[in-house]
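Worksheet for the structure shown next.
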Protein chains: 2
Amino acid sequence: MRKISESTIHRLSLYYRTLVSLQRERYITVSSRELAKRDKLTPAQVRKDLSFFGSFGTRGLGYPVNELKDKIASILGLNRTWNVALVGVGNVGSALVSYKEFPRQGFVIKKIFDNDQRKIGKNHKGILVSDVRNLAKELKEDRIEIVVLAVPASAAQSVVDEVVSAGVHTILNFAPTNLKVPDNVVLRTVNMAMELEHLSFALSNRGKIKEL
Amino acid sequence: MRKISESTIHRLSLYYRTLVSLQRERYITVSSRELAKRDKLTPAQVRKDLSFFGSFGTRGLGYPVNELKDKIASILGLNRTWNVALVGVGNVGSALVSYKEFPRQGFVIKKIFDNDQRKIGKNHKGILVSDVRNLAKELKEDRIEIVVLAVPASAAQSVVDEVVSAGVHTILNFAPTNLKVPDNVVLRTVNMAMELEHLSFALSNRGKIKEL
DNA sequence: TAAAATATGTGAAAGTATTCACAACGCTAT
DNA sequence: ATAGCGTTGTGAATACTTTCACATATTTTA
Ligand SMILES: NC(=O)c1ccc[n+]([C@@H]2O[C@H](COP(=O)([O-])OP(=O)(O)OC[C@H]3O[C@@H](n4cnc5c(N)ncnc54)[C@H](O)[C@@H]3O)[C@@H](O)[C@H]2O)c1
Ligand SMILES: NC(=O)c1ccc[n+]([C@@H]2O[C@H](COP(=O)([O-])OP(=O)(O)OC[C@H]3O[C@@H](n4cnc5c(N)ncnc54)[C@H](O)[C@@H]3O)[C@@H](O)[C@H]2O)c1
């Protein structure tokens, strides 16, 4: 397979959601034109993205909604479940644990960890909070594949090191800090302050720039 | 000013954070080489990004840390405060309201709204929860500039319409849904499921692709 | 004061991503 | 059957982004 760009992966996620909607609306087939319209893209972009993975459409007709949805699910790895662990059961962590869409998409939170004695051992939305000191051991035992990090920035690097040493190399991080990981580890950081900064940039530069 | 790309804005946010660290570490000046190293970029990229906004460095020496930080703050609109309102005080909304980094960066949550009678009128982390039926009126009264949306996907479009009609055209959305807004509205959507999908794509395609 | 070292700022080159444009194909109607 | 329409799949063209490479400026060393 040739290299797929970040943007293409991002758009596949968009297509996936749109196809779920189309399915609910009882569409049987959909054209690149309609897909593009719903996701504010161009039809050529949609076709090009899909063409990287094969040819799923029928000329004159479009793409079969169910099939294409399944195909994209399989490309994105959504045709199975993933064992997820969460570290840090604070404001963000609690929200994530109770979010029902994740398991529905195949991301099942199997274990949650904290270092606060008051939280450890307590039930949190049906999951027992484990002591973070047992992190590496339990990540291995439960065959965890993805770790979500919702600890304070100051604790993030040491937790990441532990996670990596336990052999988990796929991490979603909510702490607003630059983490060092080996090359074979896939780390994504969600930084909400940076999202707001995009907005304040846009507000500050209204009119000064051509377009955002 | 010429058009600035999304990626450049994103990197300015990175530089800003790195400069804050450098300031704490008592750096007086910093080279594009050091900035690049800390943010995993190339020195040329750093210099090019900054060059869009002026020339802030000294040849042979580098960039003055304090000055460059202030300059980037001003470019990103972080040299002032912004009036923010939050709609939807559930799991995500509560986390955001209690997050102390936002006000520290100038994003001050002035009003919070919900449609749940049990929440309206109650104090939530020092802010009274308003009835969403008064949304437009109160957004105007409080000169709200940015709205953060943390309502269920099903309610998001109608809230957005109301927000836009109240004249607020800068929105950060956490609902996983495609929202329609007029061209002059800047809308960013944070979709955590899509972040996880990037990870599952990476996991599913290990070895098949050259690089992620 | 001059030479050496360092590091910026920026056109030009290289590399990516997006859009164009059209041949190829399959459906529909007659 | 066949004409006509609609839509894909894809090379080629265009647009955008990143990296290169070097002239230029400043500091440091001697
Ligand atoms: N609250 C928000 O809205 C928000 C927004 C953006 C980013 N963030 C970031 O997300 C992260 C979590 O934020 P939060 O508001 O949930 O913080 P929080 O303080 O509510 O929760 C952090 C949790 O991590 C636990 N913890 C601390 N050190 C730990 C360790 N070494 N191992 C395991 N657990 C540990 C704490 O006991 C606590 O339960 C932070 O990095 C924060 O900067 C939060
Ligand atoms: N919880 C998570 O971890 C998580 C993760 C990703 C995305 N999201 C998304 O973020 C959004 C909020 O999630 P949540 O978990 O906080 O949900 P939630 O149900 O806990 O909170 C939603 C809040 O919005 C209020 N609300 C509903 N309709 C409203 C309306 N018309 N006007 C004003 N308020 C209204 C509800 O009363 C409730 O307080 C959802 O769209 C969800 O899909 C949540």
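By convention in this document, chain letters (A, B, ...) are assigned in the order of the sequence lines, proteins followed by strands, and residues within each chain are numbered from 1.
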Exercise for the section: Count the heavy atoms of every other residue, nucleotide or ligand shown that sit under 6.0 Å from NZ of Lys69(B), and state whether that count exceeds 12. Expected result: yes
Problem - Side-chain (Trp82(A)) to main-chain (Ile109(A)) donor-acceptor, under 3.5 angstrom - result: no
Handout entry: Closest heavy-atom pair and its distance - Tyr15(B), Ile72(B)
Key = CB-CD1, 3.7 Å
Handout entry: Those residues that, when tested against Ser130(B), pass side-chain contact (heavy atoms from CB on, under 4.5 Å) (two or more places apart)
Key = Lys111(B), Phe113(B), Glu138(B)
Fill in the blank from the handout: In whole angstroms, the gap separating C1' of dA7(C) from CG of Leu50(B) amounts to 13 Å
Problem - side-chain N/O Arg11(A) vs dA17(C) OP1/OP2, d < 4.0 Å - result: no
Fill in the blank from the handout: note: Leu41(A), atom CG; dT19(C), atom C1'; distance rounded to Å ~ 12 Å
Under 3.5 Å, which N/O atoms of the protein pair with N/O atoms of nucleotides 20-22 of chain D?
{"from": "dA21(D)", "atom 1": "N6", "to": "Arg47(B)", "atom 2": "NH2", "distance (Å)": "3.3"}

Practice task
Tell me which residues in residues 20-35 of chain B put a heavy atom below 4.0 Å from DNA chain D, sorted by number, or none.
Solution key: none
Practice task
Write out all pairs satisfying side-chain hydrogen bond (donor to acceptor under 3.5 Å, both in side chains) with one or both partners inside residues 162-174 of chain A, taking only residues at least two apart or from two chains.
Solution key: Asn173(A)-Thr189(A)
Practice task
Starting at atom CZ of Phe56(B), determine the distance to atom P of dT8(C), rounded to an integer number of angstrom.
Solution key: 13 Å
Handout entry: Separation of dT19(C) P from Phe52(A) CZ (nearest whole Å)
Key = 12 Å
Practice task
Starting from P on dT18(D), measure out to CD on Glu6(B) and report it in whole angstrom.
Solution key: 12 Å
Problem - Toward the 5' end of DNA chain C, by each residue's nearest nucleotide, Gln45(A) or Gly54(B) - result: Gly54(B)
Fill in the blank from the handout: Val151(A) and Gly88(A) have their tightest heavy-atom pair at CG1-CA, 3.7 Å
Completion exercise
Within residues 58-68 of chain B, those residues having any heavy atom closer than 4.0 Å to DNA chain C are Thr58(B), Arg59(B), Gly60(B), Leu61(B), Gly62(B), Tyr63(B)
Handout entry: Under-4.0 Å salt bridge between Arg11(A) and Glu6(A)
Key = no
Fill in the blank from the handout: In short, Asn205(B) meets Ile75(A) closest at the heavy-atom pair ND2-O, 3.3 Å
Problem - Atom pair distance, as rounded to whole Å: CG in Asp49(A) and P in dT19(C) - result: 10 Å
Problem - d(NZ, Lys37(A); C1', dT7(D)) in whole Å - result: 17 Å
Practice task
Over all heavy atoms of both residues, which pair between Ala150(B) and Gly93(B) is shortest? Give the atoms and the distance, please.
Solution key: CB-N, 3.9 Å
Practice task
Check side-chain contact (heavy atoms from CB on, under 4.5 Å) between Lys48(B) and all other residues, then give those that pass, not counting sequence neighbours.
Solution key: Ser51(B), Phe52(B)
Practice task
Taking atom CZ of Arg80(A) as the centre, report whether more than 12 heavy atoms of other residues, nucleotides or ligands fall under 6.0 Å from it.
Solution key: yes
